[in-house]
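Just below is one structure, and these are the notes that go with it.
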Protein chains: 2
Amino acid sequence: MTQINHQRYFDCEDCLFKTISCQYIQKEEFEKLRAKSVQLRYKKGEVILKQGAKSTHFLFLRKGIIKFNYEDENGKNLILSINKAPALIGGANLVNAEFNLFSVCAIEDCEGCTIDVGILTRIALGNTLYLFKMLQFITDVFRSSIFNFISLAHKQVNGRIADILLFLSQNIYMSNEFVLSLSRQEFAEFAGCSKENVIHTLRKFHNEGLIKVEGKKILLNDPERLQKISKHG
Amino acid sequence: MTQINHQRYFDCEDCLFKTISCQYIQKEEFEKLRAKSVQLRYKKGEVILKQGAKSTHFLFLRKGIIKFNYEDENGKNLILSINKAPALIGGANLVNAEFNLFSVCAIEDCEGCTIDVGILTRIALGNTLYLFKMLQFITDVFRSSIFNFISLAHKQVNGRIADILLFLSQNIYMSNEFVLSLSRQEFAEFAGCSKENVIHTLRKFHNEGLIKVEGKKILLNDPERLQKISKHG
DNA sequence: ATCAAAAGGTGAAATAATACATCTTTTTAA
DNA sequence: TTAAAAAGATGTATTATTTCACCTTTTGAT
């Protein structure tokens, strides 16, 4: 973690997590959460939650982009999902295990604050509508990853890369033009193929006029045709 | 569904769902669930929940083996997960959507009973420990599928097929010797490869003495070596 | 019992993907 | 500022995978 002092970087007043929470719980209840929460900043590349570590808190991500990373027994990485703020992370473990199944890493500079699992659980147990809202928040993070997996599982690399480009454009950067937060290696870990295959395929799409690649800058020239490649597999 | 009459095939007294439920809720509460529940039998191959259909109830599966199936825009099938009783299914939608994201099909004869979502939700909202237990039940069904996906996403076909054989042996049939409930085509839909590739690979494993294949009968001769193939990718 | 359809199986050709060697460009740290 | 390291890029050889044509066996309906 970047910061060990309990420094305040941003104001809690305009926090989305506070706004949502206070629709369900009393201000005094929320104050109990806030009192124990710590504001944190992460630089691009930093690990926010470490696979295998004990999960001691949630993190409400108020700014930034993250990846969920799974490291296998051979040290090979796989990116399960990419998400942007706002998101409540660490929730893989709410109903589950006490250790993180995956790592969460910043792929752009991030800001957020820790939320004590014990206190949140206690409050949520006394307020089921709030509990449902929190569960929804947590599962949001996984919803998108299911369809990434489906793409991975039965499409070839062309289709998978088209899917990822469309996903990033529509769900993360909200634009046809964006500066990729991932290295080619990470892109490959998301697409489930080799780094070279990613480079070759992006080049091919570029040469065919589907996209324009200039280092990390990517422009989707023809999203409809990408959609067709995605559909065709 | 096989049966439209409210026929009773089995006794509710020894039902695991009842036993678990009654650890958390009153008998009278459970009786409300039971009164609305219908016992059902499904033959191998029958659809239990249909992708895209409105999800009107949960099913407590007390006997049998099922697959979660996703059919894509081109009509291609993908098996996301295979599970055996006891399981609470239909829960994909508890926090989510009102339509089934996947189909659930019997791959062995099944027995179970419907559980009204409305009543269960109402009871669970009044009893958070019970709610947590039900959520745990529901997420159980998905836990295993995550690791199947990880296998799919970054292993080659040898490793994926080794993984599936080990998974079936350890999680479904609980034995090194079993009669496969899947056709070769379905196996391929689970492994994310072609039917021929499944056949070739099983034959290769057979010839190398790793397994013994005789039609649907499979014996894992050397699970340790399969594990190595799984690990190597 | 018979026929048709579905599932299982095989080998070879075509295609896709990876691994490798090598080079260039960009980043990072001293 | 510079050197080292990391990331990006490319073409080719090797390996993996799919597709296809074809055949056999099993299953299910009449």
Side-chain angles (χ1 to χ4, degrees), chain A residues 43-46 67 74 76-79 105 107-109 151-164 179-208 211-218 229-230 232-233, chain B residues 43-46 67 74 76-79 105 107-109 151-164 179-208 211-218 229-230 232-233:
Chain A
K43 284 244 160 287
K44 178 170 179 157
E46 274 190 283
K67 65 173 178 180
N74 305 311
K76 218 172 138 184
N77 290 301
L78 175 73
I79 296 179
C105 310
I107 59 172
E108 290 295 341
D109 293 355
S151 166
L152 273 175
H154 71 161
K155 290 184 186 176
Q156 304 200 161
V157 171
N158 281 345
R160 305 211 292 259
I161 288 184
D163 273 345
I164 289 176
V179 177
L180 198 59
S181 314
L182 301 167
S183 71
R184 299 295 196 262
Q185 178 59 44
E186 285 176 311
F187 200 121
E189 287 163 3
F190 197 25
C193 67
S194 68
K195 178 191 70 170
E196 291 91 337
N197 206 341
V198 169
I199 295 170
H200 288 315
T201 306
L202 289 178
R203 173 70 37 218
K204 191 175 64 184
F205 286 177
H206 176 99
N207 292 340
E208 288 168 356
I211 62 177
K212 200 176 145 198
V213 183
E214 213 182 305
K216 301 250 184 204
K217 246 176 65 193
I218 295 186
I229 291 177
S230 154
H232 174 265
Chain B
K43 285 243 161 284
K44 178 171 178 157
E46 275 191 281
K67 65 173 178 180
N74 305 311
K76 216 171 139 185
N77 289 301
L78 175 73
I79 296 180
C105 310
I107 58 171
E108 291 295 342
D109 293 356
S151 166
L152 273 175
H154 70 161
K155 291 183 186 177
Q156 306 201 159
V157 170
N158 282 345
R160 305 211 292 259
I161 288 184
D163 273 346
I164 288 175
V179 176
L180 198 60
S181 313
L182 301 167
S183 71
R184 298 297 195 262
Q185 179 58 46
E186 285 176 311
F187 200 121
E189 286 163 3
F190 197 24
C193 67
S194 69
K195 178 192 70 168
E196 291 90 338
N197 207 340
V198 169
I199 295 170
H200 289 157
T201 306
L202 288 178
R203 173 71 38 217
K204 192 175 63 184
F205 285 178
H206 176 98
N207 292 339
E208 289 167 353
I211 61 177
K212 200 176 142 198
V213 183
E214 213 183 304
K216 301 251 184 202
K217 247 176 65 192
I218 295 186
I229 291 176
S230 153
H232 173 265

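Letters A, B, ... mirror the listed sequences (proteins, then strands); counts begin at 1.
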Rounded off to whole Å, could you give me the [atom1]-to-[atom2] distance for the [X] and [N] pair?
X: A:Leu152; N: C:dA16; atom1: CG; atom2: P; answer: 19 Å
X: B:Lys43; N: D:dT27; atom1: NZ; atom2: C1'; answer: 16 Å
X: A:Leu180; N: C:dT26; atom1: CG; atom2: P; answer: 16 Å
X: B:Glu196; N: C:dT15; atom1: CD; atom2: C1'; answer: 14 Å
X: B:Glu189; N: C:dA7; atom1: CD; atom2: C1'; answer: 13 Å
X: A:Ile161; N: C:dT18; atom1: CD1; atom2: C1'; answer: 13 Å
X: A:Lys217; N: D:dG8; atom1: NZ; atom2: P; answer: 16 Å
X: A:Asn197; N: D:dG11; atom1: CG; atom2: C1'; answer: 14 Å

Minimum-distance nucleotide to [X] side chain [options: [options]]:
X: A:Arg203; options: D:dT10, C:dG8, D:dG8; answer: D:dT10
X: B:Gln156; options: D:dT18, C:dT10, C:dT18; answer: C:dT18
X: B:His200; options: C:dG11, C:dA17, D:dT17; answer: C:dG11
X: B:Arg184; options: C:dT10, C:dT18, C:dG8; answer: C:dG8
X: B:Ser194; options: D:dG8, D:dT10, D:dT19; answer: D:dT19

Q. Between C:dG8 and B:Lys216, is there an OP1 or OP2 to side-chain N/O distance shorter than 4.0 Å?
A.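 For B:Lys216, the contact criterion (side-chain N or O under 4.0 Å from OP1 or OP2 of C:dG8) is met.
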Q: Check the side chains of A:Ser181 and A:Lys44 for a donor-acceptor pair under 3.5 angstrom, ignoring hydrogens and angles.
A: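 Note: A:Lys44 and A:Ser181 side chains miss the donor-acceptor criterion.
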Q) Any chance NZ of B:Lys216 has more than 12 other-residue heavy atoms, nucleotides or ligands included, within less than 6.0 Å? A)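 Yes, the 6.0 Å shell around NZ holds more than 12 heavy atoms from other groups.
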(Q) Could you go through B:Ile79 and B:Phe187, starting from their C-alpha distance and side-chain angles, then the distance that decides it, and tell me whether this counts as side chain to side chain contact (heavy atoms under 4.5 Å, CB included)? (A) CA-CA 8 Å; B:Ile79 296 180; B:Phe187 200 121; over 6 Å; no
Q: Give the C-alpha distance, both sets of side-chain angles, the deciding distance and a yes or no for side chain to side chain contact (heavy atoms under 4.5 Å, CB included) between A:Leu202 and A:Arg184.
A: CA-CA 10 Å; A:Leu202 289 178; A:Arg184 299 295 196 262; 3.9 Å; yes
Q: Could you pull out the closest heavy-atom pair between A:Ile161 and A:Val198, with the gap in Å?
A: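 For A:Ile161 and A:Val198, the tightest heavy-atom pair comes out as CD1-CA, 3.8 Å.
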